[in-house]
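Below is one structure, written out as structure tokens; comments come after it.
Here is the naming used below: chain letters follow the sequence lines, and residue numbers restart at 1 for every chain.
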Amino acid sequence: MPELPEVETIARSLREGNAGQPSILQYRILRVELRWPRTLVIPQLAVLSPVLKSRIIAGISRRGKFLVFDLDGITMLIHLRMSGDMLVRDWDSPIEKHNRLILWLRGEGGNCQLVFNDPRKFGRVWVTNQPAYLLDTLGPEPLEESLTPAVFHGMLTGRQRQLKPLLLDQTFLAGLGNIYTDEALHLAKLHPLRNAGGLSKQESTRLLSAIRKVLSEGIRRNGASIDWVYRGGEYQNHFRVYGREGQPCLMCGTIITRQLVGQRGTHICEKCQKHPGAY
DNA sequence: ATAAACGCCTGACGGC
DNA sequence: TGCCGTCAGGCGTTTA
């Protein structure tokens, strides 16, 4: 489910607590159970428990779509992929069907479980003292001020690639997924099949603004919740194009279409977002 | 360098 | 009701 705003929302709620659920910062890991072996990338299963046990959760943050747990000397990275979620449960909650990793924690707000729940089993966990090996492969954070319009335009120039697949490439820019990419492209009035290297300075600046606007709006609304995966976000009620095929564009009334771009379902207003071949 | 095809997984939904 | 195909907020590997 998660793109940048959803991962940010999860990191924030674990870090700061919400609705009767305490922050798990400074909580200590007492017990570890991995329920689906392939979820763990590193280290080997046999050393996971010894490495994690008695560690303190010193920090919780986000980089791209990765959750970053600073465990005071070692880092746990979690990627939720399509269906993952991180939940805080009571200490003695029964293990649920799709729980893949459970950490039992002791802390001031009471003992609890930190659960990685992931129906489709695509999610992955890394426990490492070299998190940069992974995180340094990511492109810049879209909301960082150091990503100026000039820098962004420079990243695009020379690229010979369809715009949408490039935006989805995490080594180009970190955090966009299928929903927010469609939303940003519509807001920027750019067709997903445009050649990324062909954007004018004005267009790339418009695109960067649109990306920031949809991500910020997503964060402000606690992310989006769809189908059977629900976490209390409400951005899904404010989509401009995603999931709105057959419905009128909110800007011009043209019917939104859905087509495949780079193997991904893509929602477009053909009038607002002129096809590269159109004139 | 770019892009397609496919694999990894489970569950929801629509059509018959 | 049951069965079937299709689709899903992601990404790595292989192939062209």
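At least one donor-acceptor pair closer than 3.5 Å links the side chain of A/R212 to the backbone N or O of A/E144. Looking only at distances, a side-chain donor or acceptor of A/E3 sits under 3.5 Å from a matching main-chain atom of A/G177.
Whole-Å rounding puts the A/L4 CG to C/dG10 P distance at 12 Å. The CD-C1' distance, from A/Q259 to B/dA4, rounds to 17 Å in whole Å. Residue A/R100 contributes atom CZ, which lies 10 Å from atom P of B/dC9 at whole-angstrom precision. Note: CZ (A/R161) to P (B/dA4) measures 10 Å, nearest angstrom. Counting to the nearest Å, the C1' atom of B/dC9 and the CG atom of A/D85 are 17 Å from each other. The distance between atom CG of A/L138 and atom P of C/dG10, rounded to the nearest whole Å, is 14 Å. Atom pair A/L193:CG and B/dA3:P shows a separation of 10 Å (rounding to whole Å applied). Rounded to an integer number of Å, the gap from CG of A/L168 to C1' of C/dG10 is 9 Å.
Contact check, A/K65 against C/dC11: a side-chain N or O comes under 4.0 Å of OP1 or OP2. Residue A/R124 places no side-chain N or O under 4.0 Å from the OP1 or OP2 atom of B/dC8. Residue A/K121 places at least one side-chain N or O under 4.0 Å from the OP1 or OP2 atom of B/dT10. Of the side-chain N and O atoms in A/R159, one or more sit less than 4.0 angstrom from OP1 or OP2 of B/dT2. Checking the phosphate oxygens (OP1, OP2) of C/dG10, no side-chain nitrogen or oxygen of A/R120 falls inside 4.0 Å.
Between B/dA3, B/dA4, C/dC11, one nucleotide has an atom nearer to the side chain of A/Q263 than all others, and that is B/dA4. When distances are taken from the side chain of A/Q162 to each of C/dG10, B/dC9, B/dA3, the shortest belongs to B/dA3. Among B/dT2, C/dG12, B/dC9, the nucleotide with an atom closest to any side-chain atom of A/W36 is B/dC9. In the set C/dG10, B/dG11, B/dA4, the nucleotide with an atom closest to the side chain of A/H98 is B/dG11. Counting only heavy atoms from C-beta on, A/Q160 has its side chain closest to B/dT2 among C/dG10, B/dT10, B/dT2.
Between A/D182 and A/R264, no side-chain nitrogen of the basic residue sits less than 4.0 Å from a carboxylate oxygen of the acidic one, so the salt-bridge criterion is not met.
For the P atoms, the distance from C/dC4 to B/dC9 is 22 Å, rounded to whole Å. Comparing the P positions of C/dT1 and B/dA12 gives an interatomic distance of 15 Å, to the nearest angstrom.
Side chains of A/R221 and A/N237: no donor on one and acceptor on the other come within 3.5 Å.
The distance from the NZ atom of A/K65 to the CD atom of A/E6 is 9.5 Å, given to the nearest 0.5 Å.
Heavy atoms of A/G123 sit nowhere under 4.0 angstrom from any nucleic acid atom. Within the 4.0 angstrom heavy-atom criterion, no nucleotide atom of any strand lies near A/Y180.
Summarising the base pairing, C/dG5 is matched to B/dC13 through a Watson-Crick or G-U wobble pair whose two defining distances lie under 3.5 Å.
Taking every heavy atom of both residues into account, A/N178 and A/K164 meet most closely at OD1-NZ, 2.6 Å.
Stacking is not found between A/F122 and the pyrimidine-like six-membered ring of the B/dC9 base under the 5.5 Å centre-distance and 30° plane-angle cut-offs.
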